[in-house]
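When reading the values below, keep in mind they use all heavy atoms of this one structure, side chains included, and skip hydrogens, waters and symmetry mates. Predicted model only: the values in this text are computed from it and were never measured.
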Amino acid sequence: MSRSDWEVVIGLEVHAQLNTASKIFSGASTAFGAEPNRQASAVDIALPGVLPVLNRGAVERAIRFGLAIGAHVADKSVFARKNYFYPDLPKGYQISQMDLPVVQGGAITIRVGEGEAGYEKTVRLTRAHLEEDAGKSLHEDFHGMTGIDLNRAGTPLLEIVSEPDMRSSAEAVAYARTLHALVRWIDICDGNMQEGSFRCDANVSVRKKGATEYGTRREIKNLNSFRFLQQAIDFEVQWQIDTIEDGGRVHQATVLFDPDTGETRMMRSKEDAHDYRYFPDPDLLPLMIAPDWKARVQAEMPELPGAMKARFIDEWGLSAYDATTLTASKEVADFYQATVAAAGTALAKPCANWVMGELAARLNKAELDITESPVAPAQLAGLVARIADNTISNAIGKKVFEALWNGEGGGKADAADEIIDRQGLKQVTDSAAIEAMIDAVLAANPKSVDEFRAGKEKAFNALVGQVMKASKGKAGPAQVNELLKKKLGG
């Protein structure tokens with residue numbers, strides 16, 4: 001059987017670390033990078049007699065997420081004890097939520113692929129629940145022993161669980177990227193994957209096409225990059241197909257991905273919920289969220305990517321592709337909106353072209369984030385405005401952009417004007433001057449003139465290019481075209 005005879009089924013569980021200053025049940029700091037066990041309070045290390053106190057900020061961030069995805073934010077949710085033994089979990093249980101999570105349902109629309117081959121898809125969410133993180137085992141720092149760092153113990157997490165709606169690794173990555181952008185957009189998580197602030201578990205199974213029953217799933221744990229997520233799923237899918245086609249069986253299990261080999265390997269047989277013996281935590285009252293609390297959080301929500309995208313299309317006339325690209329992250333959207341604010345909404349489309357084109361290309365090449373752009377929004381707006389009012393051509397605009405990128409003009413908003421004046425880059429619009437250039441080009445290229453008159457359109461373009469070269473890019477292409485046609489027609 002070929003790969004196309006199988007259908008892939010993927011659901012993701014994402015752990016988003018909430019960006020509170022202190023932990024979910026104690027006042028210990030959540031700052032990253034401290035010496036081991038310097039940020040573990042009596043509550044975090046489970047000393048006898050201590051009691052957890054719920055962090056209100058963590059709850060507010062969960063509410064914000066629920067509102068952002070159109071979910072039901074439960075009026076009442078309950079914390080439970082998830083019992084299991086691990087060296088970095090000193091209580092012997094993790095405080096989490098089970099039967100009554102704070103966020104229930106909801107959906108996220110993703111875009112998979114680019115251009116005309118791209119498509120949109122809605123992924124349903126099952127739930128998002130609050131819980132504490134465990135500590136960390138340090139295997140590499142001690143020869144023949146394992147150290148325990150409890151700095152992470154009690155760090156607030158929002159575990160976001162999707163329905164098994166994804167059918168390829170590309171869809172899983174698109175979903176994870178969209179979710180990553182959203183939690184940063186609404187400012188509940190810094191999204192730092194290297195520091196473990198955003199990590200994914202992927203539940204993967206395969207089934208014959210047309211089958212209604214799901215196959216047996218295996219869970220790939222702790223994927224902390226989008227590239228590893230895609231590689232791990234692709235390997236796991238092929239492994240499951242090969243196993244079944246060779247007459248074997250897939251057993252429910254938890255597996256790890258090894259980036260060095262590109263393979264998944266068995267970690268442990270998969271536990272079910274009943275293995276954890278969940279029961280309500282007697283030390284924590286049910287979490288009650290009153291309507292006025294939700295209303296206040298709703299009033300403080302930023303404009304969401306979907307609404308902003310629709311506004312860009314409806315009010316500024318952008319295409320769906322442009323609007324999607326410019327709302328892919330809050331930083332890009334902020335930069336673009338600041339550029340349009342400085343240039344004027346009539347120039348929204350050329351601003352979009354420059355942000356997605358020249359600026360994005362230079363940022364990628366320099367491996368810079370848009371927040372590190374050497375060209376400020378006001379400076380880019382000034383450049384776009386000078387092209388729009390025909391002070392400079394688009395080709396000269398790239399030369400001015402290069403100067404801005406290299407810091408010419410300092411940080412001044414009118415740096416583009418200063419560069420244009422200093423370098424004498426204003427567009428040549430004097431018809432007599434352009435006609436003189438055309439006459440010189442026609443005299444120097446009789447072969448191209450003859451070819452054009454014999455019906456070869458390419459010869460005309462070559463002549464336009466020669467005139468533009470003669471003007472050092474300062475003549476307007478439209479004006480050159482018009483005058484050249486008159487000359488050749490005569």
Side-chain angles (χ1 to χ4, degrees), residues 11-26 30 43 51-83 91 93-108 123-134 152-163 175-176 178-180 182-191 197-201 273 276 278-302 304:
L12 291 190
E13 298 174 12
V14 173
H15 287 90
Q17 179 179 324
L18 301 174
N19 55 1
T20 54
S22 58
K23 296 183 179 178
I24 188 169
F25 298 121
S26 81
T30 57
V43 173
L51 293 173
V53 177
L54 180 58
N55 185 330
R56 183 181 179 88
V59 178
E60 291 218 351
R61 285 160 176 76
I63 297 172
R64 211 179 299 169
F65 179 75
L67 295 174
I69 62 166
H72 171 63
V73 178
D75 299 335
K76 176 184 176 182
S77 61
V78 172
F79 287 96
R81 290 185 178 182
K82 181 181 181 182
N83 298 278
K91 287 197 295 283
Y93 61 85
Q94 177 189 27
I95 301 177
S96 182
Q97 293 188 311
M98 180 59 185
D99 294 327
L100 289 173
V102 63
V103 175
Q104 301 166 7
I108 289 178
V123 177
R124 297 167 298 155
L125 273 69
T126 311
R127 56 192 277 150
H129 60 262
L130 287 163
E131 66 180 23
E132 62 178 343
D133 206 352
R152 284 197 68 87
T155 297
L157 302 177
L158 189 67
E159 181 172 339
I160 303 162
V161 183
S162 81
E163 292 289 308
Y175 167 78
T178 304
L179 191 58
H180 182 260
L182 179 63
V183 297
R184 296 180 70 233
W185 190 291
I186 60 176
D187 193 25
I188 66 170
C189 170
D190 66 19
S197 299
F198 187 92
R199 53 191 195 266
C200 305
D201 301 339
Y276 292 112
Y278 282 94
F279 65 85
D281 193 308
D283 290 339
L284 286 161
L285 293 172
L287 170 60
M288 308 299 293
I289 300 176
D292 61 339
W293 193 4
K294 276 188 276 190
R296 182 177 61 74
V297 175
Q298 178 75 68
E300 295 170 353
M301 292 282 284
L304 295 173

Does His129 use its side chain to pair, donor to acceptor, with the backbone of Met98 at less than 3.5 Å? no

Among Asp187, Leu158, Thr20, exactly one meets side-chain contact (heavy atoms from CB on, under 4.5 Å) together with Arg61. Which residue is that? Thr20

How many angstroms lie between atom CZ of Arg127 and atom CG of Leu100, to the nearest 0.5 angstrom? 9.0 Å

Let me confirm one number: the CD1-SG distance from Ile160 to Cys200, rounded to the nearest 0.5 Å. 9.5 Å

Any idea which heavy atoms bring His15 and Leu157 closest together, and the distance? CD2-CD1, 3.8 Å

Does a side-chain heavy-atom distance below 4.5 Å link Met288 with Trp293? no

Work out which heavy atom in Ser162 is nearest to a heavy atom in Val123; give both atom names and the distance. CB-CG1, 4.2 Å

Does any non-hydrogen side-chain atom of Phe25 lie less than 4.5 Å from one of Val53? no

Do the non-hydrogen side-chain atoms of Leu125 and Tyr175 ever get within less than 4.5 Å of each other? yes

For Pro52 against Val43, the heavy-atom pair lying closest together: CA-CG1, 4.3 Å

Any Gln97 side-chain heavy atom under 4.5 Å of Phe79 side chain: yes

Rounded distance (nearest 0.5 Å) linking atom CG of Leu130 with atom CD of Glu159: 11.0 Å

Pairwise side-chain contact, Val78 with Asp99, heavy-atom cut-off 4.5 Å (strictly under): no

Nearest non-hydrogen partners of Ile24 and Glu132, listed with the distance: CG2-CB, 3.8 Å

Asp190 and Arg184 have their tightest heavy-atom pair at O-NE, 3.4 Å

Which pair of heavy atoms, one from Ala128 and one from Pro101, lies closest together, and at what distance? O-CB, 4.1 Å

Under a 4.5 Å cut-off applied to non-hydrogen side-chain atoms, are Leu12 and Leu179 in contact? no

Restricting to pairs with a member in residues 279-290, which pass salt bridge (Lys or Arg N to Asp or Glu O under 4.0 Å), not counting sequence neighbours? Arg81-Asp281, Arg81-Asp283

Please examine the side chains of Ile186 and Leu304, heavy atoms only from C-beta on, and report whether any two atoms are closer than 4.5 Å. yes

Determine whether Ile69 and Leu182 make a side-chain contact, defined as any pair of heavy atoms from C-beta on separated by less than 4.5 Å. yes

Passing option when Ile63 is tested against Lys294, Met301, Arg296 for side-chain contact (heavy atoms from CB on, under 4.5 Å): Lys294

Spell out, as yes or no, whether a donor-acceptor pair under 3.5 Å connects the side chain of Asp133 to the backbone of Ala153. no

